[in-house]
Amino acid sequence: MVSSARTKGIMMVLIGAVLWGVSGTVAQYLFQYSRFSPEWLVVVRLLVSGTILLCLASLKGNQRIWDIWKDKKDVSSLVLFSIFGMLAVQYTFFAAIEHSNAATATVLQYLAPAMISCFIALRAKRLPTIKELIAVVLALLGTFLLVTKGSMSSLSISGIALFWGLASAVALAYYTLQPLRLLAKWGSALVIGWGMLIGGLSFSLIHPPWKFVGQWSLNAFLAVLFIIIFGTLIAFYCYLESLKYISASETSILASVEPLSAAFLSVVWLHVSFGHEEWLGTLCIISTIIILSFVKNKEGSKANTLSA
């Protein structure tokens, strides 16, 4: 029985991570071939996914979705998470894809665990452990190989792509750490659902969902549907459900298939150039996730990364 539950957990986190990686590549397809704007895709994804998540949470009947608004401290924390966590991680990630490719953007975003580890060490006023130092060095080496192909003379991606990729990692680190109290009190579905809806409504003030840029086709419609249903709702559900059957550290390790799936699909489907240096850089950054998953500290064990 235990073995069956464990297998279920492993399968669910792998499905969620692969769907996240594939959705990034599908977004690249929309930017590259259908000329969609990342702004429109972000606002629609957040609004639709957030609404559906809240409806599902309400239908489950475990709690009333409006109760979170009764506490001023919870409200302020939720708004900060929605704008500087949820919205920021979504937009920076799609902007990085637009200016580079899904593979590069996803791998750069996975610098977040190393950033989280450094932040926790600084806040605890302690020196990093040997494992943490190794992870940071691997993260820096991986980033160097990814953006330069091992050459000191030039970047293999644009400066703006590097900026958005690093910004995505910072946003993901904030997204992971900031809502821990809210998640413990209200649960993931409710917090993420409201985070998406508030983030989408906030961004609508800057880029309304009816302000569309791009070319519609059947493939484009199916791509948008895939990102919302499979790349957001189902991926999110599978990841959260997996935590019921396997440990957080195991989930973090298995979720590292996301950048691998994004890189593989980008190369095979969209013919992105990904040489030996980029693959080595990708493996270096993924190695940091595996190393940091075994670092035992109270705060780090709670910081389960939920991808964009």
Side-chain angles (χ1 to χ4, degrees), residues 15-57 78-79 81-99 101-102 105-106 109 164-165 167-168 171-172 174-176 179 188-240 258 261-262 265 305-308:
I15 289 170
V18 169
L19 287 176
W20 274 325
V22 172
S23 69
T25 309
V26 173
Q28 181 185 341
Y29 167 83
L30 289 172
F31 301 152
Q32 187 173 329
Y33 294 101
S34 297
R35 305 302 178 189
F36 276 41
S37 70
E39 292 81 8
W40 183 87
L41 192 56
V42 166
V43 75
V44 170
R45 181 188 195 188
L46 289 177
L47 288 173
V48 176
S49 299
T51 301
I52 295 175
L53 268 178
L54 289 176
C55 288
L56 292 175
L78 180 61
V79 171
F81 166 70
S82 302
I83 297 174
F84 298 104
M86 180 63 70
L87 173 58
V89 78
Q90 297 280 337
Y91 181 72
T92 54
F93 178 60
F94 278 160
I97 292 175
E98 183 189 35
H99 291 285
N101 55 72
T106 308
Q109 190 183 63
W164 285 120
S168 178
L172 181 57
Y174 181 84
Y175 168 96
T176 303
S188 299
L190 197 60
V191 174
I192 301 299
W194 276 117
M196 286 180 172
L197 186 58
I198 296 169
L201 290 172
S202 302
F203 201 44
S204 295
L205 300 176
I206 301 172
H207 191 95
W210 55 84
K211 189 178 179 182
F212 173 73
V213 175
Q215 299 173 347
W216 278 110
S217 65
L218 178 60
N219 286 341
F221 173 77
L222 293 175
V224 172
L225 203 62
F226 179 90
I227 290 172
I228 293 173
I229 302 299
F230 292 92
T232 305
L233 296 173
I234 294 178
F236 170 76
Y237 173 81
C238 287
Y239 185 93
L240 288 180
E258 179 188 349
S261 63
L265 191 59
T305 302
L306 296 179
S307 179

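The figures here come from the full heavy-atom set of this structure, side chains too, leaving out hydrogens, waters and symmetry mates.
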**Q** For the side chain of Trp40 and the backbone of Lys211, is there at least one donor-acceptor N/O pair under 3.5 Å apart?
**A** no
**Q** Would you mind telling me which of Val48, Leu41, Leu47 makes a side-chain contact (heavy atoms from CB on, under 4.5 Å) with Val44?
**A** Val48
**Q** Are the side chain of Thr176 and the backbone of Leu172 linked by a donor-acceptor contact shorter than 3.5 Å?
**A** yes
**Q** Using a cut-off of 6.0 Å, state whether more than 12 heavy atoms not belonging to Phe84 lie near its atom CZ.
**A** no
**Q** Quick check: closest heavy atoms across Ile97 and Gly24, and the distance to 0.1 Å?
**A** CD1-O, 3.5 Å
**Q** Quick one: does Gln28's side chain have a donor or acceptor within less than 3.5 Å of a partner on Ala102's backbone?
**A** yes
**Q** With side chains defined as the heavy atoms from C-beta onward, is the minimum distance between Thr106 and Phe93 less than 4.5 Å?
**A** yes
**Q** Flag the pair Phe81 / Tyr174 as yes when their ring centroid distance falls below 6.0 Å, and as no otherwise.
**A** no
**Q** Within a strict 4.5 Å, meaning less than it, do heavy atoms of the Leu265 and Tyr29 side chains meet?
**A** no
**Q** Do Ser82 and Leu87 have side-chain heavy atoms sitting under 4.5 Å apart?
**A** no
**Q** Taking the six-membered ring where the residue is Trp, are the ring centres of Trp20 and Phe230 under 6.0 Å apart?
**A** no
**Q** Between Gln109 and Val89, is there a side-chain heavy-atom distance shorter than 4.5 Å?
**A** yes
**Q** Please indicate whether Phe212 has more than 12 foreign heavy atoms, meaning atoms of other residues, nucleotides or ligands, lying under 6.0 Å from its CZ.
**A** yes
**Q** Report yes if the side chains of Leu19 and Ser23 come closer than 4.5 Å at any heavy-atom pair, otherwise no.
**A** no
**Q** Rounded at 0.5 Å granularity, tell me how far CE in Met86 sits from CE in Met196.
**A** 4.5 Å
**Q** Could you go through the side-chain contact (heavy atoms from CB on, under 4.5 Å) check for Phe31 and Ser37 one step at a time?
**A** CA-CA 6 Å; Phe31 301 152; Ser37 70; over 6 Å; no
**Q** Taking all non-hydrogen atoms of both residues into account, name the closest pair between Gly165 and Ala96 and its distance.
**A** N-CB, 3.7 Å
**Q** side-chain contact (heavy atoms from CB on, under 4.5 Å) for Trp194 and Leu53? Distances and angles first, verdict last.
**A** CA-CA 8 Å; Trp194 276 117; Leu53 268 178; over 6 Å; no
**Q** Check whether any side-chain heavy atom of Asn219 sits under 4.5 Å from a side-chain heavy atom of Tyr33, and report yes or no.
**A** no
**Q** Kindly give the heavy-atom pair with the smallest separation between Leu78 and Gly195, and that separation in Å.
**A** CD1-N, 4.3 Å
**Q** Taking all atoms of both residues into account, what is the closest heavy-atom pair of Ser34 and Ala220, and its distance?
**A** OG-CB, 3.8 Å
**Q** So which atom in Gly21 and which in Ser261 form the shortest heavy-atom distance, rounded to 0.1 Å?
**A** CA-OG, 3.5 Å
**Q** Suppose we call two aromatic rings close when their centres sit under 6.0 Å apart. Are Phe94 and Trp164 close by that rule?
**A** no
**Q** Is a side-chain N or O of Thr232 found less than 3.5 angstrom from the main chain of Ile227, in a donor-acceptor match?
**A** yes
**Q** Hey, does the side chain of Ser49 reach the backbone of Leu46 with a donor-acceptor pair shorter than 3.5 angstrom?
**A** no
**Q** Mind checking whether Tyr175 and Ile192 have side chains closer than 4.5 Å, heavy atoms only?
**A** yes
**Q** Taking the side chain as everything from C-beta on, heavy atoms only, tell me whether Glu39 gets closer than 4.5 Å to Phe203.
**A** yes
**Q** If you measure from CD1 on Ile15 to SG on Cys238, what distance do you get to the nearest 0.5 Å?
**A** 5.0 Å
**Q** So, the side chain of Arg45 versus the backbone of Gly231: is there a donor-acceptor pair under 3.5 Å, distance only?
**A** yes
